[in-house]
Amino acid sequence: MSNVQFQGPAGRIEGRYVKSDIPNAPIALILHPHPKFGGTMNNKVVYNLFDTFRKQGFSVLRFNFRGVGMSDGEYDNGIGELSDAASAMDWLQNMNKDSNECWVAGFSFGSWIGMQLLMRRPEIQGFISVAPPANMFDFNFLAPCPSSGLIVSGTDDKIVPHNYVVKLYEKLKIQKRITVEHNIIEDAGHFFDGHLDILSEVCVDYLKSRRVGVGNNFLAELGIE
């Protein structure tokens, strides 16, 4: 894993990056929770997502939004953070010009930013959205949602009550030409304490299901069944 810095719209962006050994490996961008409530790229759920994609053969980048850690700038109510995510995706794609697939994953606030990025970047083919804060932010821009993906939530989430995530899923699952799945982790709270292994298993199973029938399977090259 490498510590990286690259230019964003507000200045320097700090990140962590790992490049896959697999030729033409897919790429994944991981987005952290709300900067004003302690969210950083080192959040346990964010690291869990990062490590899950890494183990599945992806080249993966996580980074700090503006004003977090060593990233320049100040919190910008989601507008600047979306621009940061776009710059991070540009950097990741430039580092992996032969990549065959592009994903975005986010936790809480990061999932809201990630889904907005999904609407703006048609090359993104899949997403994982963990505890999307449908009670705090408007997700009506997903009309329609352009790519298939996975939503994960916990039944004991006190910050994003489970029923709000269910309503978001019910809205997205009826859209044509895509398939959105919802995995519910029983007794898991917002930060999935004590349930991170289950979260990882859920994401691995979904990623493997999306790779079925794809040629030059990078999982097979890694020796992962």
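Every heavy atom of this structure was used, including side-chain atoms; hydrogens, water molecules and symmetry mates were not. Start at 1 with the first residue, then count along the sequence.
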Measure from the side-chain N and O atoms of [X] to the backbone N and O of [Y], and report whether any donor-acceptor pair falls under 3.5 Å.
X: Ser129; Y: Ser111; answer: no
X: Arg62; Y: Tyr47; answer: no
X: Ser200; Y: Leu196; answer: no
X: Asn43; Y: His32; answer: no

Heavy-atom closest pair, residues [X] and [Y]:
X: Pro161; Y: Ile159; result: CD-O, 3.4 Å
X: Leu117; Y: Leu82; result: N-CD1, 3.7 Å
X: Val165; Y: Pro132; result: CG2-O, 3.8 Å

Taking side chain to side chain donor-acceptor pair (under 3.5 Å) as the test, write out the residues that go with [X], two or more places apart.
X: Gln175; answer: none
X: Asp193; answer: Lys44
X: Trp112; answer: none
X: Asp157; answer: His190

Restricting to ring pair (Phe, Tyr, Trp, His ring centres under 6.0 Å), what partner residues turn up for Phe6, sequence neighbours left out? Trp91
Ring pair (Phe, Tyr, Trp, His ring centres under 6.0 Å) partners of Phe63, counting only residues at least two apart: Phe65
Which residues pass the salt bridge (charged side-chain N to carboxylate O under 4.0 Å, His left out) test with [X], sequence neighbours left out?
X: Lys173; value: Glu170
X: Lys97; value: none
X: Arg12; value: Asp72

State, without any angle test, whether Asn96 and Ser59 hold a side-chain donor-acceptor pair at a distance under 3.5 Å. yes
Taking atom types as modelled, find out whether Arg16 and Asn42 have a side-chain donor-acceptor pair closer than 3.5 angstrom. no
Listing request: all side-chain hydrogen bond (donor to acceptor under 3.5 Å, both in side chains) pairs with a residue in residues 137-151, at least two apart in sequence or in separate chains. Asp138-Asn140, Asn140-Lys171
What side-chain hydrogen bond (donor to acceptor under 3.5 Å, both in side chains) pairs are there with at least one residue in residues 117-127, not counting sequence neighbours? Asp90-Arg121, Gln93-Arg121, Gln93-Glu123, Arg121-Glu123
Do the non-hydrogen side-chain atoms of [X] and [Y] ever get within less than 4.5 Å of each other?
X: Phe191; Y: Ser108; value: no
X: Val152; Y: Leu150; value: yes
X: Ile128; Y: Phe53; value: yes
X: Phe127; Y: Trp103; value: no
X: Cys203; Y: Gln56; value: no

Ring centers of His34, Phe37 separated by less than 6.0 Å: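 Yes, ring centres under 6.0 Å apart.
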Other residues, nucleotides, ligands: >12 heavy atoms within 6.0 Å of Phe137 CZ: yes
Solution key, residues 176-188 side-chain donor-acceptor pairs under 3.5 Å, sequence neighbours excluded:
from, atom 1, to, atom 2, distance (Å)
His182, NE2, Ser153, OG, 2.8

Does Lys208 pair with Asp205 as a salt bridge, N-O distance under 4.0 Å?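 Looking at Lys208 and Asp205, the cut-off is not met.
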Rounded at 0.5 Å granularity, tell me how far CD1 in Ile151 sits from OH in Tyr206.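 Rounded to the nearest 0.5 Å, the CD1-OH separation comes out at 10.0 Å.
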